[in-house]
Amino acid sequence: MALRHKTRKRLSLLILVVGLPLYIVLVGGIMGLVYDRFGQPPLLIELLLYIVLGVVAFFPLKPVFLGTSREDTDDPADGAGPD
C-alpha cells in the first residue's frame with residue numbers, strides 16, 4: 001500500500017518528534033544493560049554497536065522518509081499536470 005505524500009510527511013514528522021527521542025532512550029537503556037553485564041566494551045566494539053542499533057531501527061523506515069522534501073506529486077491542483 002503506497003502512502004500519499006501528505007501522509008508520508010506527517011508520519012515522518014511524528015517519527016522524528018516522538019519516535020527519535022524514544023529510540024534514544026531505548027538505545028541508552030540497551031547500552032546501559034551491556035555496560036552492567038559486560039563492562040564498557042572497547043571503543044571500536046561500542047561504535048559498532050551504536051551503528052548497528054541505528055541501522056536496524058531506521059533502515060525499515062526509509063520508504064517513509066523518501067520524497068518528503070519534494071513537491072507533492074499527489075495533488076492535481078499544483079499545476080504539474082499536462083497542459
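Both backbone and side-chain heavy atoms feed into the values below; hydrogens, waters and symmetry mates do not. Positions are given from 1 along the sequence. Predicted model only: the values in this text are computed from it and were never measured.
- Closest non-hydrogen pair, Pro63 versus Arg8, comes out as O-CD, 3.5 Å.
- In summary, the aromatic rings of Phe65 and Phe58 are positioned with their centroids too far apart to meet the 6.0 Å limit.
- Note that CG of Leu14 and OG1 of Thr7 are 12.0 Å apart. Values are rounded to the nearest 0.5 Å.
- When the side chains of ILVMFWY residues are joined at heavy-atom separations under 4.5 Å, either directly or via intervening members, Leu33 and Phe38 end up in two distinct hydrophobic clusters.
- A 4.5 Å side-chain heavy-atom check between Leu22 and Val18 finds at least one atom pair inside the cut-off.
- Under the 4.5 Å side-chain heavy-atom criterion for grouping Ile, Leu, Val, Met, Phe, Trp and Tyr, Val55 is not connected to Val34 through any hydrophobic cluster.
- A continuous path of hydrophobic side-chain contacts links Leu61 to Val27 [ILVMFWY only; heavy atoms under 4.5 Å].
- With hydrophobic clusters built from ILVMFWY side chains whose heavy atoms lie under 4.5 angstrom apart, Val56 shares a cluster with Leu48.
- Annotation: side chain of Leu20 is not in contact with side chain of Ile15 (no heavy-atom distance under 4.5 Å).
- The two residues Leu49 and Met31 make their nearest non-hydrogen contact at CD1-CE, 3.9 Å.
- Annotation: the span from Tyr35 atom OH to Ile30 atom CD1 amounts to 12.5 Å, rounded to 0.5 Å.
- Cluster annotation: Tyr23 and Tyr50 are assigned to the same hydrophobic cluster (Ile/Leu/Val/Met/Phe/Trp/Tyr, side-chain heavy-atom contacts under 4.5 Å, transitive).
- Here NZ of Lys9 is found 13.5 Å from CG of Leu11. Values are rounded to the nearest 0.5 Å.
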